[in-house]
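Shown next, in structure tokens, is the structure this report addresses.
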Amino acid sequence: MFSAIKTLHQGVDVCINNAGLARPEPLLSGKTEGWRTMIDVNVLAVSICTREAYQSMKERNVDDGHIININSILGHSYQCSSIAHFYCATKHAVTALTEGIRQELRETKNRIRVTSISPGVVETEFIYRILNKDPSSSENVYADLPHLSADDISKAVVYVLSAPGNVQVHELIVKPTEEIL
């Protein structure tokens, strides 16, 4: 992917790590395959894409790039149901990775920024997939809970990218106004 980006667009100035998934795999009875999939997508892929984006910026002397990790509110608190405990752990890892990236970027003495955007519930196919593709269950979740839209998150990304060069929005937690927790 990064090779194609280099060929078509010379490189990466902004990397938005938006992939994420959950499997209904509790800690005491979950399947290793489900856990491995979550680690691969939620942690390892974020790390690989961040590394490759940074290398692209470094090769071209980009000093004002941005790496954005779309994280989750569950990466900051622990209010998970048992089917999501492992998922929550991967999102806590993204929170830790974001801080590690920030520290390493400061050591390089450049102005590349890193941000973690951590939304609450967003209406996407995410709930549908974790509830084993039971459409009525996911519809009930969205009907019963205040939630955000994908557009709300895209506006948060634009907000972060539009910050002045001397401002790093390191963490942005985005929740619906009506959310109780």
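These numbers come from the heavy atoms of this one structure, side chains and all, not from hydrogens, waters or symmetry mates.
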Nearest 0.5 angstrom please: [X] [atom1] to [Y] [atom2], how far?
{"X": "Leu172", "Y": "Ile70", "atom1": "CG", "atom2": "CD1", "value": "9.0 Å"}
{"X": "Thr115", "Y": "Leu161", "atom1": "OG1", "atom2": "CG", "value": "8.0 Å"}
{"X": "Asn71", "Y": "Thr90", "atom1": "CG", "atom2": "OG1", "value": "8.5 Å"}
{"X": "Ile39", "Y": "Phe86", "atom1": "CD1", "atom2": "CZ", "value": "4.0 Å"}

*Applying the 4.5 Å side-chain criterion to the ILVMFWY set and letting contacts propagate, would Val158 and Val169 be lumped into a single cluster?*
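No, separate clusters.
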*If Ile, Leu, Val, Met, Phe, Trp and Tyr residues are connected whenever their side-chain heavy atoms lie under 4.5 Å apart, and connections chain through other members, are Ile16 and Val114 in the same group?*
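In one cluster: no.
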For the student: nearest non-hydrogen atoms of [X] and [Y], plus distance:
{"X": "Leu145", "Y": "Val121", "answer": "CD1-CG2, 4.1 Å"}
{"X": "Ser118", "Y": "Ser116", "answer": "OG-OG, 3.4 Å"}
{"X": "Leu74", "Y": "Lys91", "answer": "C-CB, 4.3 Å"}
{"X": "Leu148", "Y": "Pro176", "answer": "CD2-N, 3.6 Å"}

*Do Leu105 and Ile101 pass the side-chain contact (heavy atoms from CB on, under 4.5 Å) test, and can you show the C-alpha distance, the side-chain angles, and the key distance before you say yes or no?*
CA-CA 6 Å; Leu105 287 170; Ile101 294 161; 3.7 Å; yes
Side-chain touch [X]/[Y], heavy atoms, less than 4.5 angstrom:
{"X": "Asp64", "Y": "Val62", "value": "yes"}
{"X": "Ile5", "Y": "Glu52", "value": "no"}
{"X": "Glu171", "Y": "His76", "value": "yes"}

*Ser149/Asp151 under side-chain hydrogen bond (donor to acceptor under 3.5 Å, both in side chains): CA gap, chis, key distance, verdict*: CA-CA 5 Å; Ser149 69; Asp151 188 55; 4.9 Å; no
*asked:* Taking CD in Glu33 as the centre, count heavy atoms belonging to other residues, nucleotides or ligands within less than 6.0 Å. Is the count above 12?
replied: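 For Glu33, atom CD is not crowded (no more than 12 foreign heavy atoms under 6.0 Å).
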*List in chain and number order the residues that pass side chain to side chain donor-acceptor pair (under 3.5 Å) with Asp13, two or more places apart in sequence or in another chain; answer none if no residue qualifies.*
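In terms of side chain to side chain donor-acceptor pair (under 3.5 Å), with neighbours along the sequence ignored, Asp13 is linked to Arg60.
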*May I ask you to say whether Asp40 pairs ionically with Arg36, meaning some side-chain N is under 4.0 Å from a carboxylate O?*
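So Asp40 does not pair with Arg36 through a salt bridge.
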_Salt bridge check, Glu99 against Arg102: does any charged N sit closer than 4.0 Å to a carboxylate O?_
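Between Glu99 and Arg102 there is a salt bridge, with a charged N closer than 4.0 Å to a carboxylate O.
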*Output yes when a side-chain donor or acceptor of Thr95 lies under 3.5 Å from a complementary backbone atom of Gly75, and no otherwise.*
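Yes.
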*Is the backbone of Ser77 close enough, under 3.5 Å, to the side chain of His92 for a donor and an acceptor to pair up by distance?*
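Yes; at least one donor-acceptor contact below 3.5 Å.
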